[in-house]
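For ligands, and for the atoms within them, numbers begin at 1 and follow the listed sequence.
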Amino acid sequence: MDMLLNPLDRRHRLRDDIPVVPGAFPLVGHLPAIVCDLPRLLRRAERTLGSHFWLDFGPAGHLMTCVDPDAFALLRHKDVSSALIEEIAPELLGGTLVAQDGGAHRQARDAIKAAFLPKGLTQAGIGNLFAPVIQARVQAWRDRGDVTILRETGDLMLKLIFSLMGIPAQDLPGWHRKYRQLLQLIVAPPVDLPGLPLRRGRAARDWIDAQLRQFVRDARAQAARTGLINDMVSAFDRGDDALSDDVLVANIRLLLLAGHDTTASTMAWMVIELARQPGLWDALVEEAQRVGAVPTRHADLAQCPVAEALFRETLRVHPATTLLPRRALQELQLGQRRIPAGTPLCIPLLHLSTSALLHEAPDQFRLARWLQRTEPIRPVDMLQFGTGPHVCIGYHLVWLEMVQFCIALALTMHKAGVRPRLLSAVEKGRRYFPTAHPSMKIRIGFS
Ligand code: HEM
């Protein structure tokens, strides 16, 4: 099947001397192809138009996309701003640190980041909190015999991220519902009427914010709440210029969002790869048997190189965040091109993550590229988490939970004498935007 492009739009147009990819639809632009077929769209645009081209993101407008590895450096450039993220998703990401620059960004980030570093995670006992939740879930999969994998990993990740925040287990169903409604803000048309996604999404956001505000008050009052919220509140209150609770609440909401879809997708892809490559599963089982138990501290992760390689290679081949928007504040040189001040930019992490310029045999899933490396991990090796001032805060947390998950899965299934098996086709139904994930329908059997 050919790509979801408009056959009537064949014009060759230029903006600022840079070609616009043909095939845009009215109102939605290239979004159908971006959502369903991004890798092919980027490759075709590169082949026919070169390394710089405009993509039309419909309501979010045109973004100048550069597939050169040079584009990665834009994420560290002092004249490149993240404020475009707020313009694109004001309802969901407005007022959060991912859409801020400079001092405001630094101040909010500094207050949160310590809790997510290995030391903060270990002190808060996050590994011990997660291990039983993950084990219970994979045991349930074993008992059921087959599962719809993305739905399951989505549920598990929500449970983990809520427990991280210290949300009591009995409150989870209510949160679950509100969280789903909040996500409607991503696709809500700008019509604010009762029953429509925008109204429902805003109501859910207000509900979530009111609960988070109460958590913050509880934490200040030293109520016995576990989880990272206490740590973040104390770090906020210790800062030189106290930040308002609105900032804290918006950023805790960001953590709930940022830590869910991305990890659920990565975990689902890991299971799919383990199911379709028996050699990977055998290597993981061998490692799991050697370590004997689910690790709970960062210091223990070094004993699980296969699980770590699996996490890194899964993300390399299936990066959950595919595109990052930015805006040039000043005129920039990007590869051979001058980019005018004000240009909206798109940095295609997906393309870079699977680029032959950065990786040998980039389309092959090879644990050996991680297991056999002798030099330390460089920013470009973990580009799926971005780089520069906005590099993902959740990196160490993801690493911990993915390794815990791999070891728990291997120990549980091996003990029962079963292994994961793919029960559906993988290529159909994949999505690449706003975050990437495998088809919702993929089923995995354990037999
Ligand atoms: C596989 C899982 C994940 C992937 C692939 C991922 C990817 C990313 C990327 C690419 C960025 C950079 C955004 C930008 O530069 O505009 C980012 C930022 C961020 N991530 Fe993650 N992320 C993951 C998991 C998590 C988790 C588990 C959390 C926390 C619970 C988290 C919290 C954040 C936050 C707060 C930011 C914004 C940082 C800032 O703007 O300074 N992420 N993530």
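- For Y432 and H437, the distance between ring centers is not under 6.0 angstrom.
- A salt bridge is defined here as a Lys NZ or Arg NE, NH1 or NH2 lying under 4.0 Å from an Asp or Glu carboxylate O, and R316 with E313 meets this definition.
- For F405 and F311, the ring centers sit 6.0 Å or farther from each other.
- None of L84, L74, L63 except one satisfies the side chain to side chain contact (heavy atoms under 4.5 Å, CB included) rule with L345; the exception is L74.
- In this structure, ligand 1 sits under 4.0 Å from heavy atoms belonging to I85, L97, V98, H105, R109, F116, I161, L254, L255, A258, G259, T262, T263, T266, L315, T321, L324, R326, L349, Q384, F385, G386, P389, H390, C392, I393, G394, L397, V398.
- Side chains of S353 and Q384: a donor on one and an acceptor on the other come within 3.5 Å.
- With respect to R213, the side-chain hydrogen bond (donor to acceptor under 3.5 Å, both in side chains) criterion is satisfied by exactly one of D218, D245, D246: D246.
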